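We number each residue from 1, following the sequence as shown. Predicted model only: the values in this text are computed from it and were never measured.
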Amino acid sequence: MSTTTIDAAATTGTSQRGRPEDERYPLGKTFLYGLQHIMTMYGGVIAPPIIVGQAAGLTGAEIGVLVSAALLVSGLATALQTLGIRFFGSQLPLVQGISFATVSTMVAVASGDGGLPAVFGAIIVAAVIGLAISPFFAQVVRFFPPVVTGTIITIIGVSLLPTAAGWMMGGDEEAADWGSVPNIALALGTLVVVLALSRFLQGTISRLSILFGIILGTVAAVPLGLADFSGVGEGAAFALPTPFAFGAPVFEIGAIISMTIVILVIMTETTADLIAIGEVLDTKVDAKRVGDGLRADMAATLVAPFLNSFPASAFAQNVGLVAITGIRSRFAVAAGGGVLFVLGLFPVLGQVVAAIPSPVLGGAGIVLFGSVAVSGIRTLSRVEYEGNLNLTLVAVALGFGIIPIAVPDFYDQFPTWVGMIFHSGIAAAAVVAVLLNLVFNEIRWGRRSKDPSVFTAGSSARLVVTEEQEQRRAEYFARLDAERQEERRRARLNADVRARVRHGHGRRSGCVSAIDLDADGVPDVLQIRGGARDAVAARRPDADPAGERPTDSHPELVPAGATEPGDG
């Protein structure tokens with residue numbers, strides 16, 4: 001794929017001949033599209049610091065510091081990932097936020113004697129390790145063919161859907177209104193607004209359907225008592241981050257090992273997100289680009305503890321937003337990162353966005369997360385399943401990806417490191433899919449060329465039967481159409497013959513019917529009656545000795561291929 005410089009793209013306003021992610025919009029639209037991204041992922045950014053802060057026993061004001069720091073770091077990480085500098089940043093429209101994959105580990109460490117300083121110390125060491133191995137991770141792209149990426153992308157969407165369902169029910173299982181009819185009705189109403197705007201409107205408004213759906217849903221929630229803005233305005237309106245506000249980092253071996261394993265999981269998920277956004281954009285994502293994206297991820301994670309925040313990674317739900325809206329510009333996402341940064345500096349603005357009811361986010365999340373799964377299914381539809389074990393690969397990887405979603409405590413009795421990796425459906429599906437792809441497609445030894453498994457053979461047999469049935473069906477309808485066309489043609493022929501006989505049309509009247517001029521292979525009526533007419537003409541007194549017919553003075557009326565006297 002040919003590329004152009006960003007400066008060249010800027011001069012034309014778009015990048016029609018360059019990378020799709022380099023597309024530019026007017027400044028106002030750029031920030032609106034960026035705000036839509038932030039509204040979509042805001043709840044996911046503020047949830048981890050709230051959960052970890054509560055586990056560490058922090059006060060409300062201290063948790064507010066963690067939330068502001070999370071917004072600030074997410075904004076910086078998003079700008080680095082989308083705009084990029086040398087060796088850092090994939091230059092893809094990926095929104096970075098605080099990773100949920102780290103929450104369980106951070107809660108376990110923060111609840112111990114080390115508290116938050118032990119969490120921050122473990123993150124620093126694990127980020128350095130991740131930064132060091134990023135180039136190695138970049139080389140695994142060749143082991144992510146469509147059969148692997150399609151499986152992972154599908155699981156990304158499926159694994160996010162329970163989060164959307166939880167938001168629809170209220171977001172807090174301990175609340176009295178958890179799963180209440182008003183909550184679910186508000187979520188469904190938001191979903192209907194998003195779908196209606198997408199269906200009946202065009203242009204910018206259609207692309208901003210998610211944002212407008214969230215705004216209208218929030219407005220509708222106010223009279224229902226489902227939106228609480230009472231906390232807006234509490235605390236300082238502007239605040240700069242204080243490095244290590246909770247104390248100097250503490251380095252504990254156990255916490256470092258646990259956090260390093262989690263960082264590996266985050267890198268796996270980020271690699272999947274990088275490939276997923278490449279599939280959505282139809283742009284090239286090679287080993288270099290994956291390496292730059294992972295380095296940006298790890299650099300943001302390394303800086304985060306200094307600003308009182310946690311590991312940042314790509315948010316999969318925003319991949320779905322790109323797929324739904326078609327807004328491919330990385331500059332729009334970078335503008336969203338700027339909005340996050342400002343929200344981190346102005347806590348009062350963050351409080352306004354934090355007041356968006358969870359059911360509203362859940363209604364929008366159904367569309368966003370479902371679209372991610374559909375993108376994966378579309379990728380899997382291009383995979384070849386004949387004569388290989390790709391069908392088995394997809395089946396097993398999807399199964400392992402859904403296990404932690406359906407049964408969250410499935411790995412509770414396993415060693416801690418196993419649970420940390422496979423507790424994430426995305427990581428579990430990625431690991432299984434990559435390993436099976438190596439065994440089935442990369443290793444040549446012992447491979448059978450035909451019907452490698454009973455599952456593949458059964459699928460192939462069903463496919464053959466289906467293809468044969470479809471072929472017979474097509475042949476039947478083609479034969480039926482041909483018969484009907486032949487019947488109509490013969491009906492027209494018979495009608496024309498009867499009309500000419502009835503009205504005396506023919507050579508003597510100087511009229512030629514359309515049927516005399518067709519080339520359908522049916523003997524012309526004039527040819528059929530030609531022998532009788534020639535015999536009559538031969539007995540006429542004025543007949544030419546040479547046997548000329550009376551119509552020889554009008555040769556243009558003689559049909560092509562007519563039988564001459566004596567030819568017969």
Which residue pairs pass the ring-ring contact (aromatic ring centres under 6.0 Å, His included) test with at least one member in residues 111-132, sequence neighbours excluded? Phe120-Phe310

Do Pro20 and Arg328 have side chains that approach each other closer than 4.5 Å (heavy atoms only, starting at C-beta)? yes

Donor + acceptor pair across side chains of Ser180, Asn183 (<3.5 Å): yes

Distance from Ile129 atom CD1 to Ile256 atom CD1, nearest 0.5 Å? 7.5 Å

Can you name the nearest heavy-atom pair linking Ile377 to Thr154, along with the distance? N-OG1, 3.4 Å

For the student: nearest non-hydrogen atoms of Leu398 and Thr151, plus distance: CD2-CG2, 3.9 Å

Without swapping roles, check the side chain of Ser309 against the backbone of Pro305 for a donor-acceptor pair under 3.5 Å. no

Tell me whether Glu23 is salt-bridged to Lys29, with the criterion being a basic N under 4.0 Å from an acidic carboxylate O. no

CG/Asp409: more than 12 non-hydrogen atoms of other groups inside 6.0 Å: yes

Quick check with a 6.0 Å cut-off and a 45 degree axis cone: is Arg295 positioned over the face of Phe87's six-membered ring? no

Above 12 or not: heavy atoms from other molecules or residues under 6.0 Å from CZ of Phe246? yes

Do you know the tightest heavy-atom contact between Val148 and Val434? CG1-CG2, 4.0 Å

Contact check, side chains of Met169 and Ser358, non-hydrogen atoms, under 4.5 Å: no

Determine whether Val290 and Val285 satisfy the following criterion, side-chain contact (heavy atoms from CB on, under 4.5 Å), listing intermediate values before the conclusion. CA-CA 7 Å; Val290 172; Val285 177; 3.7 Å; yes

Roughly how far, to the nearest 0.5 Å, is the CD1 atom of Ile405 from the CD1 atom of Ile402? 6.0 Å

Is there a side-chain contact between Leu435 and Phe440 (heavy atoms, below 4.5 Å)? no

Answer yes or no: is there a side-chain heavy-atom contact under 4.5 Å between Pro145 and Asn437? yes

Is there a side-chain contact between Phe331 and Leu83, using heavy atoms and a 4.5 Å cut-off? yes

Could you tell me whether the side chain of Ser329 and the main chain of Arg24 form a donor-acceptor pair under 3.5 Å? no

Could you tell me whether the side chain of Phe31 reaches within less than 4.5 Å of the side chain of Leu27, counting heavy atoms only? yes

Taking Asp292 first and then Arg289, would you say they form a salt bridge - that is, a charged N and a carboxylate O separated by under 4.0 Å? no

With side chains defined as the heavy atoms from C-beta onward, is the minimum distance between Val109 and Met259 less than 4.5 Å? no

With rounding to the nearest 0.5 Å, note down the distance linking CG in Leu80 to CG in Leu76. 9.0 Å

Do Gln81 and Arg330 get their side chains close enough for a donor-acceptor pair, meaning under 3.5 Å? no

Looking at Pro249 and Phe251, what are the two nearest heavy atoms and their distance? O-CE1, 4.0 Å

Working to the nearest 0.5 Å, report the span between CG of Leu321 and CD1 of Ile327. 6.5 Å

dist Phe315:CZ -> Ser99:OG (nearest 0.5 Å) comes out at 7.5 Å

Short side-chain to backbone donor-acceptor contact, Asn318 and Val95, under 3.5 Å: no

Quick one: which residue pairs count as a ring-ring contact (aromatic ring centres under 6.0 Å, His included) with a foot in residues 275-306, not counting sequence neighbours? Phe244-Phe306

Give the intermediate values and the outcome of side-chain contact (heavy atoms from CB on, under 4.5 Å) for residues Ile263 and Met298. CA-CA 9 Å; Ile263 288 297; Met298 292 300 101; 3.6 Å; yes

Candidate pair Gln96 and Leu94, rule side-chain contact (heavy atoms from CB on, under 4.5 Å), full reasoning: CA-CA 6 Å; Gln96 302 286 118; Leu94 282 172; 4.3 Å; yes

On a heavy-atom basis, the closest approach of Gly171 and Trp178 is N-CZ3, 3.6 Å

Please round to the nearest 0.5 Å and tell me the distance separating atom OH of Tyr411 and atom CD1 of Ile403. 4.5 Å

Considering all heavy atoms, the nearest Ile98-Ser74 contact: N-OG, 3.9 Å

Going by distance alone, is a donor N or O of one side chain under 3.5 Å from an acceptor N or O of the other, for Asn441 and Asn390? yes

Side chains of Ser313 and Asp297: donor-acceptor distance under 3.5 Å anywhere? no

Does a salt bridge link Arg382 with Glu279, judged by any charged N lying under 4.0 Å from a carboxylate O? yes

We want to know whether Glu21 and Thr283 form a side-chain donor-acceptor pair, criterion being a heavy-atom distance below 3.5 angstrom. yes

Show, in sequence, the C-alpha distance, side-chain angles and deciding distance for Val52 and Leu116, and conclude whether the side-chain contact (heavy atoms from CB on, under 4.5 Å) test is met. CA-CA 9 Å; Val52 176; Leu116 280 181; 3.9 Å; yes

Does some side-chain heavy atom of Val360 sit less than 4.5 Å from a side-chain heavy atom of Leu186? yes

